[in-house]
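Worksheet: the structure to be examined is printed underneath.
All chains are named by letter (A, B, ...) in the order of the sequence lines, taking the proteins before the strands, and each is independently numbered beginning at 1. Values below: every heavy atom of this structure, side chains too, minus hydrogens, waters and symmetry copies. A quick note: this is a predicted structure, and the numbers were derived from the prediction, not measured.
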There are 2 protein chains.
Amino acid sequence: MPLEKSRPSSSSTKKRVRDAEATKLRILEAAKKEFAKNGLEGARVDAIALDANANKRMLYHYFKSKDGLFRTVLEREYLNIRAEETKLDLENLPPRTALETLVRFTWEYYIANPEFITLVNSENLCKAAHIKNSPTLKTISQKFVRRIQSLLDRGVRENVFREGIDAAQLNITIASINYYYFTNRFTGSVIFERDFTAPEALKERITFNIETICRLVCKN
Amino acid sequence: MPLEKSRPSSSSTKKRVRDAEATKLRILEAAKKEFAKNGLEGARVDAIALDANANKRMLYHYFKSKDGLFRTVLEREYLNIRAEETKLDLENLPPRTALETLVRFTWEYYIANPEFITLVNSENLCKAAHIKNSPTLKTISQKFVRRIQSLLDRGVRENVFREGIDAAQLNITIASINYYYFTNRFTGSVIFERDFTAPEALKERITFNIETICRLVCKN
DNA sequence: CGCCTAATGCACCGTATAGTTACTTACACA
DNA sequence: TGTGTAAGTAACTATACGGTGCATTAGGCG
């Protein structure tokens, strides 16, 4: 029985054989995986195209070059983590709770998005060549730092945080203690002879990290 | 007229054209630089041979493969940082001074040996494949952790450190807050819009780091 | 329907790369 | 002083890589 095969007039649910946006997205997802797994130099464009179920030609059509693709992937990742962070709604939590929430969020984000760390490492290996001139990134970063600064200010006003802590330094420290544990989990597991990714190890670490930050920021 | 062409009988001061150990060392030094600059995948064996002023064949003769060379470089780097650390003689310093000395040493070691961080990052990208079965590394790491544990114990006995802090967690945290700042100094400089390597920035950071660790470990 | 543009596919290129083959040369030791 | 062995060299290979030229096709629009 003849179902309508392709009615261009029909609604948005119809299957498109040619769909630029979908193809772009598939390439970006595949690229994220491949870049994260093998680094910028180690990643293979053929592998990306294959995994994206797209032709390599499309990759160059949409993103110009391997570096162009990497830049796009990386910028999307930064946008994503900041967007998630904004959802935490820290400004409506008591300062100490907000601080703890931020630490825990960072930790859980790295667990849920292991690619992020490796992508950032790759970008630092090439001295931030791809994001150096990204106005988007600078804008969202400024907002982010200001958000933390206002949390610190509020904590001081409410007499629960110590005075004089710099928001940038605090941000760096929170990222540090979470990031390092994950990025170095392989050498770490060898050196400390324990499985860094075992559930109990993870639990122990996040507890320690929250303690570290609270002792640094809170009074008493 | 045949003049004496070469008198091999002369004493130890004679210049040696062939010197296996020296060649090996030159290759290792060149490899360290190249691997650190471009990562394991990005490093070029031709570039290493050229910089070492050695023939590429020698590289394969002494180290079997690119990975074999990387393994050797990395193991030497771990041995070096632990050797330097041992020289600190922490056990003969008051606990709090010892702790501060350790934090400051870590910081300064990363500044003086920027290659170390990049090499470790590369090793983690390939899931510690090169060091996974290194007994040497495990031995020196155990000693290292024990040294910190005994410092913690001594501090508790002298009533200057809090009880119940795990040496491994503390080590990880000390490494974290120093390591992260350097490995991410390029993206960091973009995001926080400040030069991470400026002298004042460095000074501010190490001060902050010492404070972080002291607040974590020390009583009041 | 038929046209035009954008999406897609295929086959190819030049080069750079890790690794090797086959050779020469210095020197320690008898 | 002669010789075996290890140090050193140069030219080469096979292939994998990032990137491209050009033909083909789908589908929105008039």
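Residues satisfying the salt bridge (charged side-chain N to carboxylate O under 4.0 Å, His left out) test with Arg82(B), not counting sequence neighbours, are Glu85(B). In terms of the side chain to side chain donor-acceptor pair (under 3.5 Å) criterion, residue partners of Ser134(A) (sequence neighbours excluded) are, by chain and number, Glu75(A). Taking the salt bridge (charged side-chain N to carboxylate O under 4.0 Å, His left out) definition, one finds that Glu204(B) meets it with nothing, sequence neighbours left out. Listed by chain and number, the residues in a side chain to side chain contact (heavy atoms under 4.5 Å, CB included) with Val145(B) are Phe192(A), Ala167(B), Asn171(B) (sequence neighbours excluded).
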N/O donor to acceptor pairs below 3.5 angstrom from side-chain atoms of residues 125-133 of chain B, sequence neighbours left out:
| from | atom 1 | to | atom 2 | distance (Å) |
| --- | --- | --- | --- | --- |
| His130(B) | ND1 | Glu123(B) | OE1 | 2.7 |
| His130(B) | NE2 | Asp67(B) | OD1 | 2.7 |

Residues Glu200(B), Lys203(B); criterion salt bridge (charged side-chain N to carboxylate O under 4.0 Å, His left out); working and verdict:
CA-CA 5 Å; Glu200(B) 324 84 64; Lys203(B) 206 170 161 188; over 6 Å; no
Considering only nitrogen or oxygen atoms on both sides, find all protein atoms under 3.5 Å from nucleotides 3-5 of chain C and state each distance.
none

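Contacts classified as side chain to side chain donor-acceptor pair (under 3.5 Å) and involving residues 101-121 of chain A (residues at least two apart or in different chains) are given here: Asn80(A)-Tyr109(A), Asn121(A)-Tyr179(A), Asn121(A)-Thr183(A). Listed by first and then second residue, the salt bridge (charged side-chain N to carboxylate O under 4.0 Å, His left out) pairs involving residues 167-177 of chain B amount to none (not counting sequence neighbours). Sorted by first and then second residue, the ring pair (Phe, Tyr, Trp, His ring centres under 6.0 Å) pairs involving residues 36-59 of chain B (not counting sequence neighbours) form an empty list. Screening residues 40-64 of chain B for salt bridge (charged side-chain N to carboxylate O under 4.0 Å, His left out), with sequence neighbours left out, gives Glu41(A)-Arg44(B), Arg44(A)-Glu41(B), Lys33(B)-Asp51(B), Asp46(B)-Lys56(B).
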Its contact letters, B for base, S for sugar-phosphate only and - for none at protein heavy atoms under 4.0 Å, make nucleotides 6-17 of chain C read BBBBB------S
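Scanning residues 118-130 of chain A for heavy-atom distances under 4.0 Å to DNA chain D yields an empty list.
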